[in-house]
Number of protein chains: 2
Amino acid sequence: MSLKHGLLGFLNYGSMTGYELDKAFKESLDLFWMAQTSQIYRELNSMEKLGWLTSERILQEDKPNKKLYTLTKQGRDELKSWLGKSNNNEGIYVKNGFLMKIFFSGERSTDENIKALKKYKYNCEKALERLGKTGSSIDHYKNQILDKDKAFYWGIAAEYGYYYYMTSIKWADEIIKRLEDIK
Amino acid sequence: MSLKHGLLGFLNYGSMTGYELDKAFKESLDLFWMAQTSQIYRELNSMEKLGWLTSERILQEDKPNKKLYTLTKQGRDELKSWLGKSNNNEGIYVKNGFLMKIFFSGERSTDENIKALKKYKYNCEKALERLGKTGSSIDHYKNQILDKDKAFYWGIAAEYGYYYYMTSIKWADEIIKRLEDIK
DNA sequence: TGGGTCATGTAACCTGTTACATGATTAG
DNA sequence: CTAATCATGTAACAGGTTACATGACCCA
């Protein structure tokens, strides 16, 4: 139950349309929680049924009509409750398909594995670049939000991203070197 | 489509029952891909329908009967094909609910956030401990498998775990310090 | 005239989670 | 006597992915 909570988090800053939420997600949270556009629309629907938000249809002339979502008290309560409760495997059980592949890479040749690790390293480098962009889009949002303290935590999450990708690159380098030595 | 591939990976080392696969998963891959027992049984069923494996019922007297699964050629091909293809976001888009929470933690008090980060740090330390155990269970499996090169990659995946948790702890320490300073 | 932005979705399918059910044997 | 190990699952629900559909407006 996490995409719903991410959406609650954004809507707590102010009313938004599905389209805007989709963009906000892709510009910031995407690195920790990638969401499909279609899923966002579906979840908004189901959240409305749950009473977590209300919607208002806004007619436009030059552009397509849109639907503006607003948090209800229940929605705000749900957000608070999610933020409030911690469980014992937070940040621990993270599904990582790449690592699972590595686990079984004895089935591949050393050359293939070196290639795969180099690709992975490249992907991490690209992700770091995108983090830079996320940084500037965070700055952009910061200026729109009244309560600037809130955006402080956006920076912290982005910083985790730096640590994460830097470490992943270091690991990949180390393993590549080792594989090239035994070749 | 990843639990299926994890199961294929194990079955490639030799025929196993659902119960044994469940244990193997929990003793090794669990840190990168936590799987429910019930899901393992269901997936095995669906994999058999896909023709990736065959099953043989084994009757026992003292213990409950069991079902031994064996890879088919199709199953082995599927494993190879999964290992062979890389995509552009491997290891990049990893869903992390904890980070999403951090992202919205402006809604919580600084004290609550310090508490949550300390809990997170503690969880990471526990995970590191478990990695030690995983290490020994990897050693255990190593001795059962003929082709010891395969187990080399198990160690590499575990090593990623070390890097990962060590970095997470470092990050948490840094943020806790920062939060305590501004308090 | 072709691609980007704005804006919303549906349908089918696949994957993951939670709760529950059963029951014998064995070791401390 | 009680907890762990062995061994298998079902049912219901929740969440995520992929593919597809529509259509206007604007800029180069």
Side-chain angles (χ1 to χ4, degrees), chain A residues 1-8 15-27 29-30 32-50 52 55-69 78 82 87-90 93-97 100, chain B residues 1-8 15-27 29-30 32-50 52 55-69 78 82 87-90 93-97 100:
Chain A
M1 258 237 238
S2 252
L3 176 56
K4 282 191 177 68
H5 293 101
L7 295 170
L8 287 179
S15 300
M16 289 170 94
T17 66
Y19 188 77
E20 288 167 329
L21 283 162
D22 187 45
K23 277 213 304 184
F25 238 89
K26 298 214 154 84
E27 282 169 9
L29 262 176
D30 206 43
F32 317 119
W33 203 278
M34 198 235 199
Q36 246 57 49
T37 303
S38 62
Q39 204 195 345
I40 287 176
Y41 284 108
R42 195 184 49 181
E43 294 295 289
L44 286 170
N45 233 290
S46 115
M47 288 159 80
E48 197 176 0
K49 273 178 200 148
L50 287 169
W52 295 0
S55 69
E56 182 196 354
R57 194 163 274 283
I58 293 175
L59 305 173
Q60 298 188 119
E61 279 186 6
D62 302 1
K63 296 173 186 172
N65 298 335
K66 58 187 184 183
K67 234 162 129 184
L68 194 70
Y69 289 97
E78 177 60 35
W82 172 67
N87 57 24
N88 295 318
N89 47 22
E90 232 159 27
Y93 287 116
V94 164
K95 291 208 158 90
N96 189 330
M100 187 146 115
Chain B
M1 257 236 239
S2 253
L3 175 56
K4 283 190 176 68
H5 293 101
L7 295 170
L8 287 178
S15 300
M16 290 170 92
T17 66
Y19 187 78
E20 288 168 329
L21 283 162
D22 187 46
K23 276 213 306 184
F25 238 89
K26 299 217 153 81
E27 282 169 9
L29 262 175
D30 206 43
F32 318 119
W33 203 279
M34 198 235 200
Q36 246 55 50
T37 304
S38 61
Q39 203 195 347
I40 287 177
Y41 284 107
R42 196 184 49 180
E43 294 295 289
L44 286 169
N45 233 289
S46 115
M47 287 160 80
E48 195 175 1
K49 274 179 198 147
L50 287 168
W52 295 359
S55 70
E56 184 196 354
R57 193 163 274 283
I58 294 175
L59 305 174
Q60 298 187 122
E61 279 185 7
D62 301 2
K63 296 171 186 173
N65 298 335
K66 58 188 182 179
K67 234 163 128 184
L68 192 70
Y69 289 97
E78 177 60 35
W82 172 67
N87 56 23
N88 296 318
N89 46 23
E90 233 159 25
Y93 288 116
V94 164
K95 291 206 158 91
N96 189 329
M100 188 148 113

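Numbered from 1 within each chain, the chains take letters A, B, ... in sequence-line order.
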Rounded distance in Å - NZ (A:Lys23) to C1' (C:dT8): 15 Å
For B:Asp22, which contact category applies under a 4.0 Å heavy-atom criterion: base, sugar-phosphate, or nothing? nothing
So, using side chain to side chain donor-acceptor pair (under 3.5 Å) as the criterion, who are the partners of A:Asn89 when residues are at least two apart? none
Send over the distance from A:Trp33 CH2 to D:dT17 P, rounded to a whole Å. 9 Å
With sequence neighbours left out, write down each residue that passes side chain to side chain donor-acceptor pair (under 3.5 Å) with A:Thr37, or none if nothing qualifies. A:Asp22, A:Lys26
A:Tyr19 side-chain N/O to C:dC6 phosphate OP1/OP2 under 4.0 Å: yes
Do A:Ser2 and B:Lys95 have side chains that get closer than 4.5 Å, going by heavy atoms? no
Take the protein atom CD of A:Gln36 and the nucleotide atom C1' of C:dC14, then report the distance between them rounded to whole Å. 13 Å
I want to check one thing: is the phosphate of D:dA14, taken as OP1 and OP2, less than 4.0 Å away from some side-chain N or O of A:Lys4? no
Between CG on residue A:Leu7 and CD on residue A:Glu43, distance to nearest 0.5 Å: 7.5 Å
Where along residues 39-47 of chain A does a heavy atom come under 4.0 Å from DNA chain D, residue by residue in number order? A:Gln39, A:Arg42
What is the distance from CG of A:Leu21 to P of C:dC6, rounded to the nearest Å? 14 Å
Any idea which of C:dA7, C:dG16, C:dG9 is nearest the B:Leu3 side chain? C:dG16
Write down the protein N/O and nucleotide N/O pairs, taken from nucleotides 20-26 of chain C, whose separation is under 3.5 Å; answer none if there are no such pairs.
none

With sequence neighbours excluded, tell me which residues meet ring pair (Phe, Tyr, Trp, His ring centres under 6.0 Å) with A:Trp82. A:His5
Let me know the distance between NE2 of B:His5 and C1' of C:dC14, rounded to the nearest Å. 13 Å
Separation of D:dC13 P from A:Lys49 NZ (nearest whole Å): 15 Å
Tell me the closest heavy-atom pair linking A:Ile40 and A:Gly18, and the distance in Å. CG2-O, 4.1 Å
Side chain to side chain donor-acceptor pair (under 3.5 Å) with B:Ser55: which residues, sequence neighbours excluded? B:Glu48
Which is more 5' along DNA chain D, the nucleotide nearest B:Tyr69 or the one nearest A:Ser2? Just name the residue. B:Tyr69
Closest approach of B:Phe25 to B:Trp33 (non-hydrogen atoms, all atoms of both residues): CE2-O, 3.4 Å
Look at the side chain of A:Lys95 and decide which nucleotide, out of C:dT8, C:dG16, D:dG9, has an atom nearest to it. C:dG16
Pairwise distance NZ(B:Lys4) to CZ(B:Arg42) - rounded to 0.5 angstrom: 8.0 Å
note: B:Glu20, atom CD; D:dA7, atom C1'; distance rounded to Å ~ 10 Å
Just the rounded figure in Å: distance from C1' of C:dC6 to NZ of A:Lys26. 14 Å
